[in-house]
**Q** 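Would you mind keeping the following structure in view while I ask a few things?
Below, chains carry the letters A, B, ... as their sequence lines are ordered, and counting in each starts from 1.
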Amino acid sequence: MLGTRYNNEIEEKWQDYWQEHQTYQFTEHEGKPYYTIDTPPPFTSGELHMGHVLSYSYFDFAARYKRMRGYNVYYPQGWDTQGFPTEVRVEKKYGRLPPAEFRQRCVEWTEKMIESMKDAMVKMGFSPDWNYQYRTMDPSYHEKVQFSLIEMYKKDMIYRGKHPVYWCPKCGSALAKTDTDDVERDTFLNYIYFTDEEGIKYEIATTRPELMPACVAVIYYPGDERYKHLEGKQIITALGKKVPVFSDKDVLKDFGTGLLMVCTFGDKQDVIWVNRHNLPVIEVIDKYGRMKNTLDFDGLKLREAKEKILALFEENGKLVKKEKLSQVVKVHDRCKTPIELMTSMQWFANVKENALKIKENAKKIKWIPEFGINYLNDWADSVEWDWVISRQRVFGTPIPFYYCEKCGKIEPAKKLPFYPEKAEEKSCSCGEKMTPESSTCDCWVDSSITPLIVSGWPDKEKMKNLYPATLRPQGVEIIRTWAFYTIYRSYALTGDIPFREVLLNGNVLAPDGKKMSKSIGNVISPKDLLKQYPTDAIRQWAAMSGAMAKDRPFSYEDLKYSKSFLTKVWNASRFIEMNKGEIKKRKLRKVDQWILQETNNTIKEVTDFLERYEFHHAIRKLQSFFWSDFCDDYLEYVKYRIYEGSEEEKADVRYVLFKVLENFIKLMAPITPHLSEELWSVLFEKKESINLCSWPIVEEEYEVDMGIEFMRRIIKQVRQYKAANQLPQNAQLQFLEVFLEDSVDEELQQEIKRIAKLERIELKKGEFQVNCTQ
RNA sequence: GAGCCCGUGGUCUAGUGGUUAAGACGUCAGCCUUACACGCUGAAUAUCCCCAGUUCAAAUCUGGGCGGGCUCACCA
């Protein structure tokens, strides 16, 4: 028996049941096609946010739907564990520790985070096979990542080199472009004068006077009248150093004074000029953001150096003026420290020369929606440098190589997984001892092989059915990272595409349309929602959340509606349950055929929508079919038969009610698995999970009498009349006069009489009109 | 500055050549109707951002403009 209310306890009961019975276990059935999902491994922050709920719901719908369609659905779940935020939190808790011990603490901490996230995912009703979990921090995962790097090294795709890289002075680590954010801030543009050999003063403008010790040239726009006489001459900087003056087309004439100093690694434009004009390199910043090679300012932090150097120029009158300037600076996305460009020894992967190949492979993949591929192409076109894959961190996958400091020779590690602190000693052919690399991998190195990991790479036999993966669900914002790198790495390691379809999701914004952020305090968490709404309501919200790859504000309205829809289905089911009895199909009436055919149409449409991952269309169709066609109309049409009909009539109605409900809850099962499961087990007394049943198909088509439409219109008119005259809908009416262009047969006339509660009905030819008499 | 996406009742969305422009929330009126008042029956509310063009026909296609979002680039 169904209880009075649908609630979270029912859902938890089924969540336990599915776990216990391993309902979603991946077992390979002969002859069934494979459907493999390369699920995003969430970063193990410990919290599942609304973005996760949205995107994970999407592929959970897909997984459940495909299972019912008879696929071998392989749906593993991974965890992206190694990252900066974890190090920060562990360090905060335990302080600085030796690497091995520190890493151990990180692992313990992460395990707790995984536990809480997994719990949240189970509560959302997600259906991965938990037997197939992977964690990027596991030695077995390290081994695969390291093996992949060695394979790529053998193909000359990985190299060690000295190159300017983005550098976070706070973290003391190289960064990839993707680890950076832009932040707008106010600063000062300082006008400082230099003098030429004749002692004439020229002002330059700079926001970074502390880099002046690294000034190697002064440049202006070609042909600038103010400065062209300086071409080829020397100028003396405010620190008394002689540097050359020349012109370059990238100088903005109207910015500052039109004259600028080029400093080594002040920013990316400086790097370009240094390379273009073959200027000497002076390193003035060390890896922790302190000055060096400057004599007077060595050891000072950048900010201190800036203050001190400005004070000096002010004192000796070289600082002419300061102007307020708002500028955009690149900061490290994790710690928000402004980043520097620095030359250092790092490991690189050759994405630049493979940009075209990556684009070619991306083209072989189906992008949903199609425009998603633009993000990748744009990114591929703008790649300027190779991918810096090394990071100077502890909690990460060690880069599995030795190098010789003397001759630069590189040797891949033989024993994997490789950990530098436990590495065997190795000597170089030049006689020197080789150094095991202590840097770790960028976390995208870990996550860019997920489709390989889940398919059992490099074991070709295992991969046969599981690679390439069928579906890669992911966010739009990580196309340039996760999708881009995965396509690159898969091409490098297998020559193939990693997956056949990419399903792109957008972000969930706060209800006010802004980004959810802790500082604004507009964050909505699934945990809180679950206190007031059933899981299946939240899942329905996800399904309703509009088209793919589009940001959408979170909508309590949709969520509330979803919850009332569950209640509606529940109550309708209770009504059906109440009238249980013999089910026998004898003679279906026209209204019965109509709703059965509507059910058929719903099956067809919903199936089409799900095939195209158009979940919002699927759920809308299901909602309007059930609520308005089935409940508001059909149930009202048959109540008189249920209450007053003969046993035979009742049996007929029951046949229809159960048929429609059965199909409906199956169609709903991917989106609302708990509700469907409960109704399935109680009303249909089935032992097997509905989530393993086969997908509904159209068993029998029904010809729907044209008169049904007239009948529905007439009933609507009567309802309107009753509403206008403040009558309850069950009020009895004396007489109904209907003008109709067409005729309606005896059966439908009887229906109208019974459904609308009329004593007498009279049909006349004419323009459609309905006249009631009380 | 560049690329992409978008602009539809008060709000959020659906609709991509012919619909009475659909739905939810909200608003208003009525109905405690033997599943459901977390309900039911109705009603009101839209120059489909603007301008021009293509077409028998444009919310839908093309061009231009205005506005918003995302991504990238950029100011020494």
Side-chain angles (χ1 to χ4, degrees), chain A residues 2 4-6 177-178 182 187 189-190 204-209 211 215 218-219 250-252 254-263 266-270 273 325-330 369-379 381-384 476-477 479-480 506-507 509 511 513 515 544-547 549-579 614 616-617 619-621 623-624 627-628 631-632 635-636 639 642-643 715-731 757:
Chain A
L2 296 177
T4 44
R5 287 263 186 278
Y6 178 70
K177 195 157 92 169
T178 50
D182 290 342
T187 187
L189 185 61
N190 303 285
I204 60 102
T206 179
T207 55
R208 302 203 60 188
L211 294 178
C215 175
V218 167
I219 60 177
D250 286 339
V251 179
L252 301 174
D254 299 328
F255 190 91
T257 58
L259 197 63
L260 74 95
M261 65 169 186
V262 179
C263 300
D267 69 16
K268 204 174 124 198
Q269 187 59 50
D270 284 287
W273 282 322
L325 180 75
S326 93
Q327 65 170 178
V328 176
V329 289
K330 278 204 186 305
E370 279 174 36
F371 66 77
I373 197 174
N374 293 334
Y375 289 92
L376 184 127
N377 286 335
D378 288 354
W379 183 253
D381 290 339
S382 71
V383 168
E384 285 175 83
V476 181
E477 71 282 1
I479 288 175
R480 65 195 173 113
N507 291 311
L509 306 173
K515 243 185 186 161
M544 287 164 79
S545 285
K550 233 174 123 174
D551 288 355
R552 237 199 91 150
F554 178 79
S555 160
Y556 275 108
E557 288 74 26
D558 285 354
L559 185 60
K560 274 186 207 153
Y561 180 78
S562 302
K563 189 182 171 183
S564 6
F565 186 64
L566 296 175
T567 308
K568 190 73 188 177
V569 175
W570 189 255
N571 284 321
S573 303
R574 288 203 310 151
F575 176 68
I576 293 171
E577 187 187 31
M578 246 180 274
N579 295 292
E614 290 177 4
H616 61 299
H617 286 140
I619 189 68
R620 291 286 179 197
K621 176 66 198 172
Q623 287 166 344
S624 72
W627 201 321
S628 104
C631 293
D632 293 346
L635 290 185
E636 296 304 323
K639 271 184 179 167
I642 291 173
Y643 293 141
I715 288 170
K716 199 172 157 68
Q717 289 290 314
V718 176
R719 282 172 172 175
Q720 217 164 324
Y721 173 83
K722 287 179 179 174
N725 290 277
Q726 311 194 350
L727 295 168
Q729 287 298 322
N730 64 347
K757 302 213 173 200

**Q** What nucleotide, of B:A73, B:A76, B:C31, holds the atom closest to the side chain of A:Leu260?
**A**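 For A:Leu260, the side-chain atoms sit closest to B:A76.
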**Q** Between B:A43, B:C12, B:C4, spot the one nearest the side chain of A:Tyr375, thanks.
**A**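 Among the listed nucleotides, the one closest to the side chain of A:Tyr375 is B:C4.
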**Q** Within the pair A:Lys568 and B:C40, is there a side-chain N or O less than 4.0 Å away from OP1 or OP2?
**A**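 Answer yes for this pair, as a side-chain N or O of A:Lys568 is under 4.0 Å from OP1 or OP2.
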**Q** Within this structure, what is the CG-to-C1' distance between A:Asn190 and B:C75, rounded to whole angstrom?
**A**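 So the two atoms are 15 Å apart, to the nearest Å.
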**Q** Looking at every strand, decide which applies to A:Gln729 at a 4.0 Å heavy-atom threshold: base, sugar-phosphate, or nothing.
**A**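 Base: the residue A:Gln729, judged by heavy atoms under 4.0 Å, touches a nucleobase.
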**Q** Between B:U41, B:A14, B:A24, which nucleotide gets closest to the side-chain atoms of A:Asp632?
**A**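 So the nucleotide nearest the side chain must be B:U41.
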**Q** For the base of B:C25, is there a side-chain donor-acceptor partner from A:Lys560 under 3.5 Å away?
**A**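 Not at all, since no donor on one side and acceptor on the other fall under 3.5 Å apart.
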**Q** Name the residue closer to the 5' end of RNA chain B, choosing between A:Lys330 and A:Gly258 according to the nucleotide with the nearest heavy atom.
**A**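 The 5'-side residue here is A:Lys330.
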**Q** Pick base, sugar-phosphate or nothing for A:Trp379, based on heavy-atom distances below 4.0 Å to the nucleic acid.
**A**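 The residue A:Trp379 makes sugar-phosphate contact but no base contact.
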**Q** Got a donor-acceptor contact below 3.5 angstrom from the A:Asn507 side chain to the A:Asp551 backbone?
**A**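 No; judged by distance alone, with no hydrogens or angles, the pair does not exist.
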**Q** Of A:Asp558 and A:Leu635, whose closest RNA chain B nucleotide lies nearer the 5' terminus?
**A**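 Mapping each residue to its closest nucleotide by heavy atoms, the 5'-most match is A:Asp558.
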**Q** Categorize A:Ile219 for me: base, sugar-phosphate, or nothing, with a 4.0 angstrom heavy-atom threshold over every strand shown.
**A**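 A:Ile219: no heavy atom of the nucleic acid under 4.0 Å.
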**Q** Using the P atom in both, what is the distance from B:G7 to B:C48, to the nearest Å?
**A**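 Nearest-Å result for B:G7 against B:C48 at atom P: 14 Å.
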**Q** Give A:Val476 one of three labels, base, sugar-phosphate or nothing, depending on what nucleic acid heavy atoms sit under 4.0 Å from its own.
**A**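 Nothing, no nucleic acid heavy atom in range.
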**Q** If I pick the C1' atom on B:C12 and the same atom on B:U45, what distance separates them, to the nearest angstrom?
**A**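 After rounding to an integer number of Å, I get 16 Å for this pair.
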**Q** Measure from the side chain of A:Arg719, starting at C-beta and using heavy atoms only, and say which of B:U71, B:U41, B:A76 lies closest.
**A**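 Among the listed nucleotides, the one closest to the side chain of A:Arg719 is B:U41.
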**Q** Indicate yes or no for a side-chain donor-acceptor contact from A:Lys722 to the backbone of A:Gln729 under 3.5 Å, with no hydrogens or angles considered.
**A**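 Yes; at least one donor-acceptor contact below 3.5 Å.
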**Q** Work out how far the C1' atom of B:C38 is from that of B:C32, and round it to whole angstrom.
**A**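 To the nearest whole Å, 15 Å.
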**Q** Check the distance between B:A76's C1' and A:Leu259's CG and give it to me in whole angstrom.
**A**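 Atom-to-atom, A:Leu259 to B:A76, this comes out as 11 Å.
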**Q** Ignoring backbone atoms, establish whether A:Arg480 has a side-chain N or O less than 4.0 Å from OP1 or OP2 of B:C72.
**A**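 For A:Arg480, the contact criterion (side-chain N or O under 4.0 Å from OP1 or OP2 of B:C72) is met.
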**Q** What pairs of residues pass the salt bridge (Lys or Arg N to Asp or Glu O under 4.0 Å) test when at least one of them lies in residues 563-578 of chain A, not counting sequence neighbours?
**A**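 Qualifying pairs: none.
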**Q** Measure from CG on A:Leu189 to C1' on B:C74 and round the result to the nearest Å.
**A**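 Result: 16 Å.
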**Q** Any idea which of B:A76, B:C36, B:C31 is nearest the A:Leu252 side chain?
**A**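 Closest of the options to the side chain of A:Leu252: B:A76.
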**Q** Is there side-chain contact between A:Phe255 and A:Leu189, with heavy atoms separated by less than 4.5 Å?
**A**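 Yes, their side chains come closer than 4.5 Å.
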**Q** Does this structure show an ion pair linking A:Arg719 with A:Asp632, if we count only N-O contacts that are shorter than 4.0 Å?
**A**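 The answer is no: the pair does not qualify as a salt bridge.
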**Q** Between B:G53 and B:U41, how many Å separate the two C1' atoms, rounded to a whole number?
**A**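 These two C1' atoms come out 47 Å apart once rounded.
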**Q** As a test of reading the structure: which of B:A14, B:C70, B:A76 is closest to the side chain of A:Asp551, going by heavy atoms?
**A**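 Nearest to the side chain of A:Asp551 among the choices is B:C70.
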**Q** Using the C1' atom as the reference point in each nucleotide, state the distance between B:A14 and B:U19 in Å, no decimals.
**A**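 The answer is 13 Å between these two C1' atoms.
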**Q** When you get a sec, tell me which of B:C31, B:C25, B:A76 is the closest nucleotide to the side chain of A:Tyr561?
**A**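 In terms of side-chain proximity for A:Tyr561, the closest of B:C31, B:C25, B:A76 is B:C25.
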**Q** Using atom C1' in both nucleotides, what's the gap between B:G3 and B:U13 to the nearest angstrom?
**A**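 Between the two C1' atoms, the distance is 26 Å.
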**Q** Whole-Å distance between B:C12 P and A:Met544 CE?
**A**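 Those two atoms, CE and P, are 16 Å apart.
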**Q** Give the nucleotide from the list B:G39, B:C72, B:C4 with an atom nearest to the side chain of A:Ser382.
**A**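 Of the options given, the side chain of A:Ser382 lies nearest B:C72.
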**Q** Look at all strands and tell whether A:Trp627 reaches a base, only sugar-phosphate, or nothing, counting heavy atoms closer than 4.0 Å.
**A**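 Counting heavy atoms under 4.0 Å across all strands, the contact made by A:Trp627 is with sugar-phosphate only.
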**Q** Of the options B:G30, B:A14, B:A76, whose atoms approach the side-chain atoms of A:His617 most closely?
**A**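 The nucleotide sitting nearest to the side chain is B:A14.
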**Q** Identify whether any heavy atom of A:Phe255 sits under 4.0 Å from a base atom; if not, whether one sits that close to sugar-phosphate; answer base, sugar-phosphate or nothing.
**A**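 Result for A:Phe255 = base.
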**Q** For A:Lys716, report the nucleic acid contact type (base, sugar-phosphate, nothing); a contact means any heavy atom under 4.0 Å.
**A**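 Touches sugar-phosphate only.
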**Q** Among B:U41, B:C38, B:A14, which nucleotide sits nearest the side chain of A:Thr567?
**A**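 Closest of the options to the side chain of A:Thr567: B:C38.
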**Q** Expressed in whole Å, how much space separates the P atoms belonging to B:G10 and B:A44?
**A**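 That atom pair is separated by 16 Å.
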**Q** Reckon A:Gln720 has a side-chain N or O less than 4.0 Å from the OP1 or OP2 of B:G30?
**A**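 Checking A:Gln720 against B:G30: no side-chain N or O falls below 4.0 Å of OP1 or OP2.
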